[in-house]
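Beneath this line is the structure, given in structure tokens, with notes to follow.
In what follows, every heavy atom counts, from backbone to side chain, and hydrogens, waters and symmetry copies are set aside. Below, read A as the first sequence line, B as the second, and so on, with proteins coming before strands; counting in each chain starts at 1.
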Amino acid sequence: MPELPEVQTIVNDLNSAGLTGCRIIGARVFWPRTIAEPSPGAFCRRIKGKQFTAIDRRGKYLVFPVDDGATLLIHLRMSGHLNLVRTNTPRTKHEHVVIRFADGRQLRFHDPRKFGRLQLVADPAIILNRLGPEPLSSGFTASVLASRLKKRRRLLKPLLLDQTFIAGLGNIYVDEALWEARLHPCRQACGLAAPEIKALHRAIRRVLKRGLKNLGTSLGTGKANFYSVSRRRGRNSDQLNVFRRAGLACPRCQSPIERIIVGQRGTHLCTKCQRVVPGLPR
DNA sequence: GTCTATGTTTGCGG
DNA sequence: TCCGCAAACATAGA
């Protein structure tokens, strides 16, 4: 669920809360598998007495450099949330890891589906360098995208979801970007014409910036939905043009949005605006 | 009550 | 290289 705009919103919230520089007085783990490395016991011992020197993001990872040189990486996967609460707040059912700070606050990792992971590593680059370019960085130009697309024969949808191709996109923003760029999710990456690549580049950046401006996308009322720190909702769902809108009118041409499966993922598109073979009727 | 789908990532087999 | 599938889980919605 949390994609780049949602993760960045959480990072911003944690920074506003002034979490960097707070002394960590201890940690507790209630679901061991949530700690990918080291062991839960070692994790608690090593983080105790330290502090975060910054809070950052790379792709969908939250990145917390620790003052002893290690780095805490958090990946929220499907249903992870972070709650920042006072010490005396009762622990809720799905809060699997609690990090206690000297100022009486706690950062709690809440994750009903238990897919999310925390890892404390010596060298985060080993993990983060695998990721593709940051789509909102200045280095991510249309020509960078073009040269990467040219080398790949895969379909656009699964390729854009591949974090080693481009970092931070998930199902929501890929569908939105492809609609915005008028590209069918089943187009082959190496088959795009130059103007189409430019349109895709613009669309990716536009939908991510819009998501960020709206503090992320929160859908419905479900518990497995995106909330920023301490359950604050984003309002980007109002801005979605196709995602979870099957049967509703395409905002551009009024024909109904369809939902198909591409690469085993639910995919939303307008088959009138987004043609597999451009120029030809579907 | 039962069944299905789910916004992520990884690893496997073909 | 690329694809499909399963697994890690809980919950919402039909």
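Rounded to the nearest Å, the gap between the P atom of dG11(B) and that of dA10(C) is 22 Å. Taking the C1' atom of each, dT2(B) and dA8(C) are spaced 23 Å apart, rounded to whole Å. Taking atom P in both dA5(B) and dC5(C), one finds a spacing of 13 Å when rounded to whole Å.
Of all nucleotides listed (dG7(B), dT10(B), dA10(C)), dT10(B) comes nearest to the side chain of Arg130(A). The listed nucleotides are dG7(B), dA10(C), dT10(B); the one nearest the side chain of Tyr61(A) is dT10(B).
Trp179(A) does not carry Arg245(A) over the face of its six-membered ring by the limits of under 6.0 Å from the centre and within 45° of the normal.
Contact check, His75(A) against dT8(B): no side-chain N or O comes under 4.0 Å of OP1 or OP2. Remark: His94(A) is in phosphate contact with dT11(C), judged by side-chain N or O atoms under 4.0 Å from OP1 or OP2.
Atom CD of Gln163(A) is separated from atom C1' of dG7(B) by 12 Å (rounded to the nearest Å). Atom CG of Leu4(A) and atom P of dG7(B) are 18 Å apart (whole Å). In this structure, NZ of Lys60(A) is placed 11 Å from P of dG7(B), rounded to the nearest angstrom. Summarising the geometry, the separation between CD1 on Ile127(A) and P on dT8(B) is reported as 19 Å, rounded to the nearest angstrom. Atom pair Leu169(A):CG and dT9(B):P shows a separation of 10 Å (rounding to whole Å applied). Rounded to whole Å, atom P of dG7(B) lies 16 Å from atom CG of Asn236(A). Rounded to whole Å, atom C1' of dC9(C) lies 14 Å from atom NE2 of His81(A). Nucleotide dT8(B) holds its C1' atom 9 Å from the CG atom of Leu161(A), rounded to whole Å.
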| Under 4.0 Å protein heavy-atom contacts per nucleotide of nucleotides 2-8 of chain C, with B for base, S for backbone only and - for none | SSBB--B
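Between Phe52(A) and Phe64(A), the angle of the ring planes lies from 30° to 60°, which puts this pair in the tilted group.
Counting only N and O atoms by type, the side chains of Asn83(A) and Glu95(A) include a donor and acceptor under 3.5 Å apart. Lys213(A) and Asn236(A) are not linked by any side-chain donor-acceptor pair at a separation below 3.5 angstrom, with hydrogens and angles left out of the test. Residues Asp111(A) and Ser79(A) have side chains that bring a donor and an acceptor to within less than 3.5 angstrom of each other.
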| field | Trace of the salt bridge (charged side-chain N to carboxylate O under 4.0 Å, His left out) decision for Arg23(A) with Asp103(A) | value | CA-CA 8 Å; Arg23(A) 189 62 56 188; Asp103(A) 64 5; over 6 Å; no
| side-chain contact (heavy atoms from CB on, under 4.5 Å) between Lys114(A) and Arg33(A), intermediate numbers included | CA-CA 8 Å; Lys114(A) 298 178 176 165; Arg33(A) 300 183 66 155; over 6 Å; no
| field | Bracket notation of DNA chain B in which parentheses pair within the strand, [ ] cross earlier pairs, and | pairs with another strand (Watson-Crick or G-U, under 3.5 Å) | value | .|||||.|||||||
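Note that CG of Asp162(A) and CG of Leu131(A) are 10.0 Å apart. Values are rounded to the nearest 0.5 Å.
For residues 132-174 of chain A, the pairs satisfying ring pair (Phe, Tyr, Trp, His ring centres under 6.0 Å) are Phe140(A)-His201(A), with sequence neighbours left out.
Aromatic pair His96(A)/Phe30(A): centroids not less than 6.0 angstrom apart.
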